[in-house]
Number of protein chains: 2
Amino acid sequence: MASKQSTVERILDAAEIEFGAHGFVETSLRTITSKAGVNLAAVNYHFGSKKGLIQAVADRFFEPLSAGMMTRLQELNQQSLGHHEALVKFYQGMMLELLSIARRNPSRLALFARLLNSAYSQGQGHLRKHLTHQYAPVFMLLMQTMAAHMPSMSHEQFFWRFHHLLGMMIFTLASSESLTDICAAEYDAERSLPEVVQQLVPVLVAAAEAPVEAIDRLV
Amino acid sequence: MASKQSTVERILDAAEIEFGAHGFVETSLRTITSKAGVNLAAVNYHFGSKKGLIQAVADRFFEPLSAGMMTRLQELNQQSLGHHEALVKFYQGMMLELLSIARRNPSRLALFARLLNSAYSQGQGHLRKHLTHQYAPVFMLLMQTMAAHMPSMSHEQFFWRFHHLLGMMIFTLASSESLTDICAAEYDAERSLPEVVQQLVPVLVAAAEAPVEAIDRLV
DNA sequence: TTATGTTTAAAACGTTTGTTTCAAGCTAAC
DNA sequence: GTTAGCTTGAAACAAACGTTTTAAACATAA
């Protein structure tokens with residue numbers, strides 16, 4: 001018995017790595033089962049289909065993340081902080097929660113972000129719907145908490161600001177290798193993961209607090 | 001003669017739309033040639049391969065964008081502005097340049113951003129290399145100009161800050177539909193494209209000017 | 001041990017993919 | 001008008017994909 005893990009776990013482990021590295025569409029079930037050392041048919045047996053596997057991989061990320069975020073948000077909302085302090089604590093909590101994903105394996109964070117990016121940009125509408133239905137409560141609480149401490153904004157303005165902030169987080173975590181490739185010659189980027197993630201907090205807070213109409217209209 | 005455009009142009013037009021909507025991998029040449037009303041073999045004849053088509057589509061976006069950016073950056077560098085004013089002008093110029101892409105067809109901007117996102121997150125290393133080689137001068141000047149007006153940062157800090165800002169732009173422009181789906185119930189997002197793009201400028205400036213180590217270390 | 005339900009193995013299925021082939025059509029120069 | 005070179009058309013190619021099938025192997029309970 002060379003394999004201590006079950007077939008399901010070995011598939012999930014291999015799928016997570018391959019999906020994160022090459023995206024959903026460009027990763028074949030044959031690659032996954034081959035790297036996992038299991039039979040090809042095992043995926044369809046245990047997960048029903050490739051879509052089912054994708055959702056299972058995503059759930060393994062989101063379940064602990066969702067739980068941690070939920071308690072963190074509830075704690076934050078019980079305290080009565082000023083808006084700025086609340087935003088700082090909010091983003092710090094988010095980053096810490098994200099870092100907990102990467103505790104065992106540092107590259108898991110990039111995998112997670114790329115997975116999220118694929119869910120939104122690649123044709124994976126089923127994943128998007130699955131996630132938004134499955135984790136709607138955390139998502140709602142997250143947006144409400146965030147909006148509560150950005151009081152000068154209208155719903156519309158907050159919507160787009162949220163959009164910008166989410167993009168910054170996802171893209172940063174997702175594609176650090178690509179940018180490292182480009183700039184490696186001129187700018188060395190050798191910081192550890194916690195440092196990089198940490199650097200995001202003040203940027204996120206500043207972006208969240210940026211004035212809405214401070215700049216003249218362009219057109 | 002129902003077709004005024006040439007075969008090459010019709011392929012590029014159709015490919016641009018399909019690639020932007022569904023990504024590179026999930027768009028087949030048969031779909032493109034079918035929508036373009038041309039023969040399947042025409043793609044391989046005129047562009048050599050699917051990769052060649054992808055690069056041609058990208059070039060049609062980047063060539064005018066690159067030219068416009070170059071003159072805009074040179075103009076900006078000739079003026080002697082304060083750092084804040086320079087950053088504002090810088091991002092305003094960038095947004096105006098991006099908007100010029102969408103002048104004829106507003107959805108072209110989302111297509112462009114999704115295309116860029118695909119180039120970085122999907123397994124399209126060839127596109128990344130092609131673009132960075134083809135448009136290296138603009139890219140260099142862009143980073144130098146940006147760095148010049150963020151003087152308090154080290155190379156390493158600037159590298160990551162640049163990373164964050166780029167992510168915010170690309171993600172914002174790329175996936176507005178996805179977030180609109182999610183939040184449509186609670187937050188109506190009906191702003192016009194110029195307004196959305198314009199809202200990005202103060203956020204980008206604030207994020208660029210955010211203090212580096214203003215917040216205590218987390219770990 | 002026998003019987004039952006679950007998991008794995010190997011092979012094949014039907015599609016779809018990018019690419020190639022080769023003949024037919026077209027355009028322009030001589 | 002004929003020839004040469006570029007472009008298009010329809011068909012076929014080999015490879016890769018997700019999925020299904022059928023039988024063997026396994027575990028567990030009676």
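Keep in mind that the numbers below use all heavy atoms, side chains included, and drop hydrogens, waters and symmetry copies. Letters A, B, ... mirror the listed sequences (proteins, then strands); counts begin at 1.
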### Message
Within the 4.5 Å heavy-atom criterion, are A:Tyr135 and A:Met70 side-chain neighbours or not?
### Response
no
### Query
Do the non-hydrogen side-chain atoms of A:Arg60 and A:Phe112 ever get within less than 4.5 Å of each other?
no
### Message
Students often get this wrong, so: under 4.0 angstrom with heavy atoms, is B:Thr27 touching a base, only sugar-phosphate, or nothing?
### Response
sugar-phosphate
### Query
Looking at side-chain heavy atoms only, is the closest gap between B:Leu141 and B:Gln74 below 4.5 Å?
yes
### Task
Considering just the side-chain nitrogens and oxygens of B:Ser28, establish if one lies under 4.0 Å of OP1 or OP2 belonging to C:dT17.
yes
### Query
Under 4.0 Å: is that the gap between some side-chain N or O of B:Thr7 and OP1 or OP2 of D:dT8?
yes
### Query
Nearest-Å distance, CZ (B:Arg30) to C1' (D:dG9)?
14 Å
### OP1 or OP2 of D:dT8 under 4.0 Å from side-chain N/O of B:His46
yes
### Task
Could you tell me the separation between the CG atom of A:Leu29 and the P atom of C:dT16, rounded to a whole number of Å?
17 Å
### Task
Let me know the distance between NE2 of B:His22 and P of C:dT17, rounded to the nearest Å.
13 Å
### Query
How close or far is atom P of C:dT19 from atom CG of B:Leu40, stated in whole angstroms?
10 Å
### Query
Nearest of C:dT19, C:dA9, D:dT19 to any side-chain atom of A:Asn39?
C:dA9
### Query
Roughly, in whole Å, what's the span from CG in A:Leu53 to P in D:dC17?
15 Å
### Message
In this structure, how many angstroms lie between the P atom of C:dT20 and the NZ atom of B:Lys50, rounded?
### Response
15 Å
### Query
Rounded to the nearest Å, what distance is computed from the CD1 atom of residue B:Ile11 to the P atom of nucleotide D:dG9?
10 Å
### Task
Could you please name the option among C:dA9, D:dT19, C:dT21 that lies closest to any side-chain atom of B:Ala41?
C:dT21
### Task
Check whether any side-chain heavy atom of A:Phe61 lies under 4.5 Å from a side-chain heavy atom of A:Leu116, and answer yes or no.
no
